[in-house]
K.L.:
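Let me give you the structure first, and then I'll get to my questions.
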There are 2 protein chains.
Amino acid sequence: MATRTPEQPRPAGGSRVTIADIARDLGISKAAVSYALTGRPGVGHATRKRVLDAAEEMGWYPSSSARALTGADAGVVGLVLSRPPELLTFETFFVHLLAGLEKALAERGSSLLLRVIGDHPDEEIRTYRRWWGERRIDGVILLDERYRDPRVAQIREHRIPAVLCGGPLRDWTMPALWTDHGLDADVAVGHLHALGHRRLAHISGPTEFVHERARRRGVRRAAARRGMHVETVEGAYTGPSAARFTMRLLDRDGPDRPTAIVYGSDVMAASGLVAARERGVDVPGGLSMLSWDDSQLATLIRPSMTALRRDNLAYGALAANTLLDLVEGRNRGLVQLPASRLMARESTGSPAG
Amino acid sequence: MATRTPEQPRPAGGSRVTIADIARDLGISKAAVSYALTGRPGVGHATRKRVLDAAEEMGWYPSSSARALTGADAGVVGLVLSRPPELLTFETFFVHLLAGLEKALAERGSSLLLRVIGDHPDEEIRTYRRWWGERRIDGVILLDERYRDPRVAQIREHRIPAVLCGGPLRDWTMPALWTDHGLDADVAVGHLHALGHRRLAHISGPTEFVHERARRRGVRRAAARRGMHVETVEGAYTGPSAARFTMRLLDRDGPDRPTAIVYGSDVMAASGLVAARERGVDVPGGLSMLSWDDSQLATLIRPSMTALRRDNLAYGALAANTLLDLVEGRNRGLVQLPASRLMARESTGSPAG
DNA sequence: TCCGCCGACTGAAACGGATCAGTAGACTGC
DNA sequence: GCAGTCTACTGATCCGTTTCAGTCGGCGGA
């Protein structure tokens, strides 16, 4: 806009210093300044130092827009959280994931562009398309793979670099992070079997999520291997849903009634616990409980909740690094996450009968 | 890179359609296309429609870099969460805030650039400076104002548009969101007074946060107005810290022992509850408890926790709108948040004595 | 009939940085 | 003493969009 007096080292209107300013001050060309600043050969030692010092002193920052325009990466990764906000709240999973993601991104010089929307896959894809079209992002992270997930085909069609949390995919066009839920299920069911349980119930999250399907299958197989009886119920990720199913199971008598319940999340398990207490059922004396997600909540309730603990910080970091590798041209393919660890607490014990 | 055959409407390598492509296809100038696409006068009705249709069909998106380069806003707001990740996890406050923030931003066409770092104000300011210098963001949101907060002066010096969550500031250079903690304190203390309590303790969060100072002052004044005795302890936002202070208070005998404790957060209160149970103290019979933050946790523990509830979704939305207004040139000054609502639950009752 | 004006459009410059094709000058080798 | 090479730099062009300064044709007014 207005011409600035050269005497003023720091322009008043915020840092609007460009390489042209530095070039003028030092009496050299813009190209030389660019070479010096990007660490490329083409300038002498002394000049490079002068440029670097001047840039530092004048408070120069590279304009991300200008750089992106010449073909550089955006240095930004996109993430859309498409679960209703009230669900996000409870699940510490997301915050952990976000923190891990961000830490890994920061270490490699990228940032996170975030959008929180309700449960609306269409809107999620449209957001990714727009961000990608506008050259805002280098790639995206697809959370919570669903059964016949429409996002996968769309992301592939638009050739947006992505990592899928949920996989594995049949083809290897897209790196995927996956957990061996069968293994986790075996640990959980094994723990209950060792305590003497023979009849158990599994109140899972919605089966539209592939990881919930895998967990259900895992629990059924682990139980079958041990000759246990298991009943699987599809719940929502909410307290009331879990409480309702818990009540229903506890209303039964005799051998139809499970002696242990496995819940899909910590909030579900905590709500189940409250429901059991209202029915006058002692935990773990009359019923054992196990949660598939560990969190602070599990340690703050009484009895404290036995839970399968996953390192979600590490999960996030792995997702970020897998995506950045892909952006740089290295497709890691199928990345397996470490198995969960069972945190045995007060909510599991030997059945009374 | 390689020249593309003009027969192919959608280029294979992702959407790389530019206004030049549209101009060539339609046999008009780039300028005309730009006028049509931005809704500015300068093209006729028929031409505008042809351009719009072509853009739609060819999958054109405006390059955010190119737009930003010509002086447009970045359409992005920056947020740095500078609390250790393990604290972020517990406090549902952040997730709620994020969701509210994002919803309001999306409605006005902006996105959120997020960074999660440990408790390091220097790093936070450096991140903001860099983002601003790189023209990545239009403004920032400063969370959790601290006593003598170094961020305020720095943000002001660099002329980065910002809204301060904590305020009010002495001068009005920066819009600020603030809560009348005195009012909230009065509601909480009034509730306990009405139940018959006369000796209470307040285990607050760290006093480096201005809102904690305001709350402590508020509790002391509200208690003094009613002739109650109050003791204020500075805790950390962690369970163990709250548990330790609770134990210490319960170790006392007779009139030195408070009959009610107000906690700085839901996790602190839940931990205090566990500590009380370990000491064999009945809640609310032997001790009443009240948490300054409401969350799912408060309803999942037994006894359920009486809490002050703030609408953090609305808080986030207000912060976002205040910032976007500022970016557009309207400084809202001091924005007051609605008072908290007391959610009376099982953890408060009349004292035994 | 001619002037002035308006609408519809064009050409070119600008934004900030990267990069390509040069070009002086110093140095090397013979 | 001169070609050849290397270093250290310069000038120009490009990226995709906005915007400024025109240009051109048509139309109304006097």
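Basis for what follows: all heavy atoms, side chains included, without hydrogens, waters or symmetry-related copies.
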K.L.:
Quick one: B:H45 NE2 to C:dC9 P, roughly how many Å, whole number?
P.N.:
12 Å

K.L.:
Looking at B:D21 and B:R24, does any basic side-chain N land under 4.0 Å from a carboxylate oxygen?
P.N.:
yes

K.L.:
Could you tell me if the side chain of A:Q336 sits less than 4.5 Å from the side chain of A:W178, heavy atoms only?
P.N.:
yes

K.L.:
For the residue pair B:R156 and B:T173, confirm or rule out a side-chain donor-acceptor distance under 3.5 Å.
P.N.:
yes

K.L.:
Rounded to the Å, how far apart are A:R48 CZ and D:dT7 P?
P.N.:
13 Å

K.L.:
Please report the distance, rounded to the nearest Å, between CZ in B:R50 and P in C:dA8.
P.N.:
14 Å

K.L.:
Describe the nucleic acid contact of A:G44 in one word from base, sugar-phosphate, nothing, applying a heavy-atom distance below 4.0 Å.
P.N.:
sugar-phosphate

K.L.:
B:L26 versus B:V33: any side-chain heavy-atom pair under 4.5 Å?
P.N.:
no

K.L.:
In the structure I gave you, are the side-chain heavy atoms of B:I155 and B:L164 within less than 4.5 Å of one another anywhere?
P.N.:
no

K.L.:
What does the B/S/- profile of nucleotides 16-23 of chain D look like, 5' to 3', with a 4.0 Å heavy-atom cutoff to protein?
P.N.:
BBBBB---

K.L.:
State, without any angle test, whether A:R40 and A:T38 hold a side-chain donor-acceptor pair at a distance under 3.5 Å.
P.N.:
yes

